[in-house]
Amino acid sequence: MSAFDDTKHTIEKAEQILYKTYNRFPVLFDHGKGVFLYDTEGKEYLDFGAGIAVCGLGYNDPEYTAALENQAGKLLHISNLFYNRPAIDAGEKLLAASQMDRVFFTNSGTEAIEGALKIAKRYAYNRDGHGGHEIIAMKHSFHGRSLGALSVTGNDHYQEPFAPLLPGIRFAEFNDLDSVKALINENTIAVIMETIQGEGGIYPATEEFLKGVRALCDEHDMLLILDEIQCGMGRSGEMFAWQGYGVKPDVMTVAKALGNGVPIGAFLASGRAATAMVPGDHGTTYGGNPLVCAAADKVLEIFETREIVAHVRQVGAYLWKKLDEFAEKHDCVTDHRGKGLIQGLEFDRPVAPIVSKALLENQLVLISAGANIIRFVPPLVITEEDVDWMIEKLEKSL
Ligand SMILES: *Cc1c(COP(=O)(O)O)cnc(C)c1O
């Protein structure tokens, strides 16, 4: 069978086997190297999607791969009934990078959100001796697909078929402080938001808004939960995007690029939030096992030794300039937003899925964020040359 027929056959089979909750692009990737992906027919693709902002260090980084191999040969899993060194090492680095006080490792982003919400509920329960509290979330947010995370995801289309969800969630307008103020009452215990809205269309919080929400949280004894699952881990040009605003959350969630491809997330808490939950309140069987933590530990080490965040600032500025020039040239581009290596171009029409498909045919992986917006979340290790090549392909596809 030719490679082409084999790919076609495999994709047909996938459509019969896998539960259909995705419309996938008809590509079968086989392996990756650096910022390039290779399909089963041997075609090379420049990757500006990083598996949805996950593969920050790109593919098959020798140092990272060796760390995984080493741990795989020692111990994969032991449960959280025992200590494991990789979790302590990774946790220590994560706390040092964030100046938070405590970390809990999860298997995914959505589970990190669940934990963050439980901290807020537990904190208020400890304080008031009862439940029934309210949480403020943002319209057009995305926090994940499990029922708690879905409850704070401001998207009717995602929520409606699964209602009723968590009670007591109210939605404010992102970057509109008055809309947050208007929702606060004596039952409100937390505000949850992305520092830079990702799926909702690459909208960074304004400084005024984030500082204003922080002040409201202090004033009303509410916890500020910042979701850094997509914008964290260096992507914004800061290790965590909030570090560029001079505010600090009470609870923060990370995932995506933390493991560079192995499934790991975390919620971190500081100050009064760091002691809200007690033994028995929360758990996970796999979460923070030695394999995924060895991966995260190596990722965090490489961030230091290779100065990844400084690199993101530099290449991010270059990408910004190039996309600005592109937007100038094309009337159909109506906006350019983002920070560092999380940027988006908005079009005047819902072209994003079509553009993504055309780009794939030109061997460039670019994903959308909503129907109008093309999202640029490349591996953090891309170079200015890669950006030039991407722009060339983008011009060609348009
Ligand atoms: C991807 C994402 C999530 C959900 O993470 P999963 O690992 O898919 O569960 C939550 N919040 C944000 C901001 C994300 O981008």
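In each ligand, atom 1 is the first atom listed, and ligand 1 is the first ligand listed.
With rounding to the nearest 0.5 angstrom, the CG atom of Asp89 is 10.5 Å from the CG atom of Leu300. Rounding to the nearest 0.5 angstrom, the gap separating the CD atom in Glu186 from the CD1 atom in Ile189 is 13.0 Å. Note that CG of Leu226 is 11.0 Å distant from CD of Gln243, once rounded to the nearest 0.5 Å.
Residue contacts with ligand 1, taken as heavy atom pairs separated by less than 4.0 Å, involve His143 solely via the backbone atoms N, CA, C and O. Residue Lys256 touches ligand 1 through its side chain alone, judged by heavy-atom distances below 4.0 Å.
Atom 6 (P) of ligand 1 has its closest protein heavy atom at Gly109 N, 3.5 Å.
Between His130 and His133, the ring planes lie parallel to each other; the angle is under 30°, not in the 30° to 60° tilted range. Classified by interplanar angle (parallel below 30°, tilted 30° to 60°, perpendicular above 60°), the ring pair Phe240/Trp242 is parallel.
Not a single N or O atom of Glu199, backbone or side chain, sits closer than 3.5 Å to an N or O atom of ligand 1. Any N or O atom pair closer than 3.5 Å counts here, and Phe142 shares at least one such pair with ligand 1. Taking any N or O of Gln230, backbone or side chain, at least one lies under 3.5 Å from an N or O belonging to ligand 1. Backbone and side-chain nitrogen or oxygen atoms of Gly144 are examined, and none is located within less than 3.5 angstrom of a nitrogen or oxygen of ligand 1. Geometrically, ligand 1 and Asp227 share a nitrogen or oxygen pair separated by less than 3.5 Å.
In this structure, His311 has no side chain to side chain donor-acceptor pair (under 3.5 Å) partners at least two apart in sequence or on a different chain.
When each atom of ligand 1 is checked for a heavy atom of Ser108 under 4.0 Å away, the hits are 7 (O), 9 (O). Atoms of ligand 1 lying under 4.0 Å from at least one heavy atom of Glu194, given by number and element, are 13 (C). The distance from ligand 1 to the heavy atoms of Thr110 drops below 4.0 Å at these ligand atoms: 4 (C), 5 (O), 6 (P), 9 (O).
When distances from atom 8 (O) of ligand 1 to the protein are checked, no heavy atom turns up under 4.0 Å.
Phe104 and His282 have their aromatic ring centers within a separation under 6.0 angstrom.
Exactly one of Lys298, Arg306, Lys33 qualifies for a salt bridge (Lys or Arg N to Asp or Glu O under 4.0 Å) with Asp61. That residue is Arg306.
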